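Keep in mind that what you see is a predicted model, and the values were worked out from it rather than measured.
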Amino acid sequence: MLIAVVSAGLSEGSSTRMLVDALREETLLALSDSGVDGEQIQVETIELRPLAHAIMDATLLGDATGDLAQAFDVLARADGVIAATPTFNASYSGLFKAFFDVLPEETLWNKPVLLGATGGSVRHSLVSEHALRPLFVYLRAQVAPTAIYSATEDWGAVGEERAQGQGTTVAQGGKPNGTGRNRAEETLNSRLRRAGKQFALMLLGAGGKEGAQDNKSTGHNASPSEINGSAAQEKTGEEDCPDFVPFDQLTKGLIS
């Protein structure tokens, strides 16, 4: 199983890279809890910042070479993708969008994708829903139900203790000590765990590349509930309401 991780962070050790790393760890933990051998899982991380010039060249010339072509190959071979971007002007960054603009068509068709975004304020927390999710739906990816947005306050919980190596990271489940920032991190922890579990279920239920190829050939885009195998059986009206009368009986005799 190959998981591709795409980070559009613009600096070394960016919060965007921290977020994708945390999502990766939660996914690996969920896969392990599901009985998947860690040796069967390969993770490839793609940093977009070093690819910026190549992305612009591909935009202008229509041809990807070198490291950018290798990044495209990783995404094509991946069984699932984790992707995150910093927030600029209430949307994804230009670098993030440009990368997926030049990505070969059909690369993400029916491929499980877990989304994340970072920003300086919680006021941008819906960026994953009004910007990221529509983009990947258009690319015909299978987007995980939970997308993660993390603001600056989500990462400031353990302060100097973390810097000195005495605290735990978000992905390791740091415990709150009663401060507002630690409560924020606790909330982020729960969201990360939920997203990781959902994405792991999608990876396990997608049937790998063979399943993706089958879906691509049939044009069927399975919903997350179908992929997870958790869709509830359809109930009839009689089960929900003892006095239920089918519509065709209500209109009987009214239509000639």
Side-chain angles (χ1 to χ4, degrees), residues 2-29 41-56 66-68 70-71 74-75 78 80-100 113-125 127-128 131-132 146-177 179-193 195-196 199:
L2 173 61
I3 300 174
V5 178
V6 179
S7 171
L10 299 182
S11 63
E12 294 288 343
S14 66
S15 59
T16 302
R17 178 57 189 266
M18 291 170 60
L19 178 58
V20 294
D21 286 347
L23 289 170
R24 177 200 65 205
E25 292 305 315
E26 291 296 342
T27 300
L28 294 177
L29 179 60
I41 305 172
Q42 180 183 1
V43 178
E44 293 280 353
T45 300
I46 301 170
E47 285 278 5
L48 298 188
R49 186 170 64 98
L51 300 176
H53 288 291
I55 292 172
M56 289 299 100
D67 291 341
L68 182 60
Q70 293 180 17
V74 169
L75 287 175
V81 178
I82 299 173
T85 175
T87 302
F88 287 91
N89 294 325
S91 188
Y92 34 64
S93 71
L95 179 62
F96 185 85
K97 180 60 161 59
F99 175 77
F100 287 101
V113 174
L114 177 57
L115 299 175
T118 59
S121 169
V122 295
R123 291 191 294 271
H124 295 302
S125 58
V127 64
S128 59
L132 282 173
T146 299
I148 301 297
Y149 175 84
S150 64
T152 301
E153 63 190 58
D154 289 320
W155 300 106
V158 294
E160 294 182 359
E161 288 186 359
R162 179 181 295 167
Q164 296 170 0
Q166 298 173 359
T168 54
T169 65
V170 172
Q172 292 169 335
K175 303 297 182 182
N177 64 10
T179 67
R181 284 188 172 183
N182 278 318
R183 285 196 295 272
E185 182 171 356
E186 183 182 26
T187 302
L188 178 58
N189 274 317
S190 64
R191 286 183 282 140
L192 288 167
R193 284 191 293 269
F199 187 52

For [X] and [Y], which heavy atoms make the closest approach, and how far apart are they?
{"X": "Thr85", "Y": "Ser93", "answer": "OG1-N, 3.2 Å"}
{"X": "Ser125", "Y": "Ser128", "answer": "O-OG, 3.9 Å"}
{"X": "Phe100", "Y": "Ala83", "answer": "CZ-CB, 4.3 Å"}
{"X": "Ala54", "Y": "Leu68", "answer": "O-CD2, 3.5 Å"}
{"X": "Thr16", "Y": "Ala8", "answer": "CG2-N, 4.0 Å"}
{"X": "Gly9", "Y": "Glu47", "answer": "O-OE1, 4.3 Å"}

Requested in this report: With side chain to side chain contact (heavy atoms under 4.5 Å, CB included) as the test, would you mind laying out the steps for Tyr92 and Leu115 before giving the verdict?
Outcome: CA-CA 11 Å; Tyr92 34 64; Leu115 299 175; over 6 Å; no
Query raised in the report: Is the backbone N or O of Ala131 less than 3.5 Å from a side-chain atom of Ser91, with the two atoms forming a donor-acceptor pair by type?
Result: no
Rounded to the nearest 0.5 Å, how far does [atom2] of [Y] lie from [atom1] of [X]?
{"X": "Thr118", "Y": "Tyr149", "atom1": "OG1", "atom2": "OH", "result": "7.0 Å"}
{"X": "Leu48", "Y": "Ser7", "atom1": "CG", "atom2": "OG", "result": "7.0 Å"}
{"X": "Ile3", "Y": "Gln42", "atom1": "CD1", "atom2": "CD", "result": "10.0 Å"}
{"X": "Phe96", "Y": "Leu10", "atom1": "CZ", "atom2": "CG", "result": "12.0 Å"}
{"X": "Phe199", "Y": "Thr146", "atom1": "CZ", "atom2": "OG1", "result": "12.5 Å"}
{"X": "Leu192", "Y": "Ile148", "atom1": "CG", "atom2": "CD1", "result": "5.0 Å"}

Query raised in the report: So among Val20, Thr27, Leu28, which one has a side chain to side chain contact (heavy atoms under 4.5 Å, CB included) with Arg24?
Result: Leu28
Query raised in the report: Is any side-chain heavy atom of Leu29 closer than 4.5 Å to a side-chain heavy atom of Arg193?
Result: no
Query - Electrostatic pair Glu12-Arg49, nearest N-O below 4.0 angstrom - result: yes
